[in-house]
Amino acid sequence: MTYGHLASALDVPLGSRPPLADAASGVIADREARGLTLPVGGPEARQAGSAFLNPPVTDDQAAAVRGAGGPIHADMHGVVRASSGWLLTQCGYQPGIRLADGVFCSSHRVLTVTVREGAASRDVARVLHTMTSCVHKDFGVQLHTEIVRLGV
């Protein structure tokens, strides 16, 4: 077990080897609880998952985010990262908010952008650019999309 969040959810120490079935059940339960699974139907089924990666930050940026109450963590390679969801929330984005015609933040989290009837790929691209620009303007941190965009 190398992922601290999952180790905590399963109540096992880092470095342990829980039974595979327990680990798999824990991953699924954790992802469902955090709104990270793809709905089978309904208005949020049309989405590509998390829109942004947690961005790497400098020591000064990390200190500023921590000072504002935001979470900072080091990834498995030791790269210090901020929470893109927290940064977006500080910019005023909230779960369920309408971002453009037919484009919304998921009702569970701001990182998941959902599309409904009337949305076009250019609308999604514009929304992602606007969200990225807000975080850069307010925090000096550059978000990078996790969604792979083709031809947009």
Side-chain angles (χ1 to χ4, degrees), residues 1-10 12 14-15 23-40 42-116 119-152:
M1 181 64 57
T2 60
Y3 183 42
H5 182 78
L6 183 57
S8 295
L10 293 174
V12 298
L14 283 173
S25 295
V27 167
I28 291 167
D30 177 64
R31 292 184 66 77
E32 285 176 346
R34 295 191 297 145
L36 298 175
T37 56
L38 182 63
V40 176
E44 299 198 350
R46 293 177 60 196
Q47 50 129 314
S50 212
F52 298 101
L53 298 165
N54 286 335
V57 292
T58 65
D59 290 342
D60 289 343
Q61 290 168 328
V65 169
R66 271 194 199 102
I72 297 293
H73 72 278
D75 67 16
M76 66 182 174
H77 303 291
V79 176
V80 177
R81 296 182 178 275
S83 164
S84 54
W86 183 87
L87 293 166
L88 289 164
T89 300
Q90 299 312 298
C91 285
Y93 294 100
Q94 298 296 318
I97 192 172
R98 179 184 171 274
L99 302 168
D101 287 343
V103 184
F104 296 80
C105 284
S106 159
S107 62
H108 297 288
R109 56 199 297 260
V110 298
L111 284 180
T112 302
V113 175
T114 65
V115 295
R116 301 179 190 166
S121 60
R122 69 181 172 279
D123 299 323
V124 175
R126 187 175 65 249
V127 160
L128 296 177
H129 175 75
T130 301
M131 294 171 94
T132 300
S133 295
C134 180
V135 168
H136 190 262
K137 179 178 76 63
D138 287 4
F139 292 95
V141 173
Q142 184 64 49
L143 292 183
H144 299 280
T145 57
E146 191 165 3
I147 297 170
V148 176
R149 299 179 299 166
L150 302 174
V152 178

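FYI, the numbering just counts along the sequence from 1.
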Closest approach of [X] to [Y] (non-hydrogen atoms, all atoms of both residues):
{"X": "Leu10", "Y": "Gly26", "result": "CD2-CA, 3.8 Å"}
{"X": "Met131", "Y": "Leu143", "result": "O-CD1, 4.5 Å"}
{"X": "Val65", "Y": "Pro71", "result": "CG1-O, 4.1 Å"}
{"X": "Val113", "Y": "Ala51", "result": "CG2-CB, 4.0 Å"}
{"X": "Val127", "Y": "Val103", "result": "CG2-CG1, 4.0 Å"}
{"X": "Phe52", "Y": "Glu146", "result": "O-OE1, 3.5 Å"}

For [range], which residue pairs pass the salt bridge (charged side-chain N to carboxylate O under 4.0 Å, His left out) check, not counting sequence neighbours?
{"range": "residues 82-92", "value": "none"}
{"range": "residues 94-106", "value": "Arg98-Asp101"}
{"range": "residues 69-87", "value": "Asp75-Arg81"}
{"range": "residues 131-142", "value": "none"}

Set of side-chain contact (heavy atoms from CB on, under 4.5 Å) partners for [X], sequence neighbours left out:
{"X": "Thr130", "result": "Tyr93, Arg126"}
{"X": "Ala7", "result": "Met1, Val12, Leu14"}
{"X": "Ala120", "result": "Arg122, Asp123"}

Checklist entry - So how far is it from Ser83 OG to Leu111 CG, rounded to the nearest 0.5 Å? => result 6.5 Å
Item to check | Reported CG-to-OG distance for the pair Leu128 and Ser133, which is rounded to 0.5 angstrom | outcome: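 Output value for this atom pair is 10.5 Å.
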Next on the checklist: Just so I know, are the side chains of Gln142 and Thr132 near enough to count as touching, which here means a heavy-atom distance under 4.5 Å?
Outcome noted: yes
Next on the checklist: With a 4.5 Å cut-off on side-chain heavy atoms, are Pro56 and Val80 touching?
Outcome noted: no
Next on the checklist: Hydrogens and angles aside, do Arg109 and Thr112 bring a side-chain donor and acceptor to less than 3.5 Å of each other?
Outcome noted: yes
Item to check | Pair listing, side chain to side chain donor-acceptor pair (under 3.5 Å) test, anchored in residues 53-65, at least two apart | outcome: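 Every side chain to side chain donor-acceptor pair (under 3.5 Å) pair that includes a residue of residues 53-65, provided the two are not neighbours, is Asn54-Ser84, Thr58-Gln61.
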Table please: side-chain donor-acceptor pairs of residues 85-92 below 3.5 Å, with sequence neighbours left out.
unit_1	atom_1	unit_2	atom_2	d
Thr89	OG1	Gly85	O	2.9

